[in-house]
Amino acid sequence: MRRNTSKRDRHRAIIAKTGAPCALCGEPIDYSLRYPDPDSFVVDHVIPLNHGGEDVLGNKTASHNRCNRLKSD
């Protein structure tokens, strides 16, 4: 499934604006760090897309890059 990049960027900005901690480890996220830094902000799909999750804001949350990679799908 091909995802809409403008929707992705919009959702990413909305989530980043909250300044939320990592949903996976609970630690603060330094939103100034840039990908691929392990502690950088990435969007996590709570229910992975390949497990039936939807690509909607309600299924997305903030996480560290490292935490998201460890979670995998």
I need the [X] [atom1] to [Y] [atom2] distance, nearest 0.5 Å.
| X | Y | atom1 | atom2 | value |
| --- | --- | --- | --- | --- |
| Ile29 | Glu27 | CD1 | CD | 10.5 Å |
| Asp44 | Ser63 | CG | OG | 4.5 Å |
| Arg10 | Asn4 | CZ | CG | 7.0 Å |
| Ile15 | Lys17 | CD1 | NZ | 13.5 Å |
| Cys25 | Lys71 | SG | NZ | 13.0 Å |

Counting N and O atoms only, with roles assigned by atom type, does the side chain of His11 sit under 3.5 Å from a partner on the main chain of Gly58, one being a donor and the other an acceptor?
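Side chain of His11 to backbone of Gly58: no pair is present.
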Check: Between the side chain of Asn65 and the main-chain N/O of Pro36, is any donor-acceptor distance below 3.5 Å?
Finding: yes
Quiz item: Between Asp37 and Arg66, does at least one N-O distance fall below 4.0 Å, as a salt bridge requires?
Solution: no
*asked:* So Asp55 and His45, do their side chains get closer than 4.5 Å, heavy atoms only?
replied: yes
Margin query: Taking the side chain as everything from C-beta on, heavy atoms only, tell me whether Asp30 gets closer than 4.5 Å to Asp39.
Written below: no
Can you name the closest pair of heavy atoms from Tyr31 and Ala20 and give their distance?
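Looking at all heavy atoms of both residues, the closest pair is OH-O, 2.6 Å.
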Do Leu57 and Phe41 belong together in a cluster built from hydrophobic side chains that touch within less than 4.5 Å?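 Shared cluster, yes.
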* Check the hydrophobic clustering (I, L, V, M, F, W, Y; side-chain heavy atoms under 4.5 Å; chains of links allowed) and say if Val46 and Leu24 are grouped together. => no
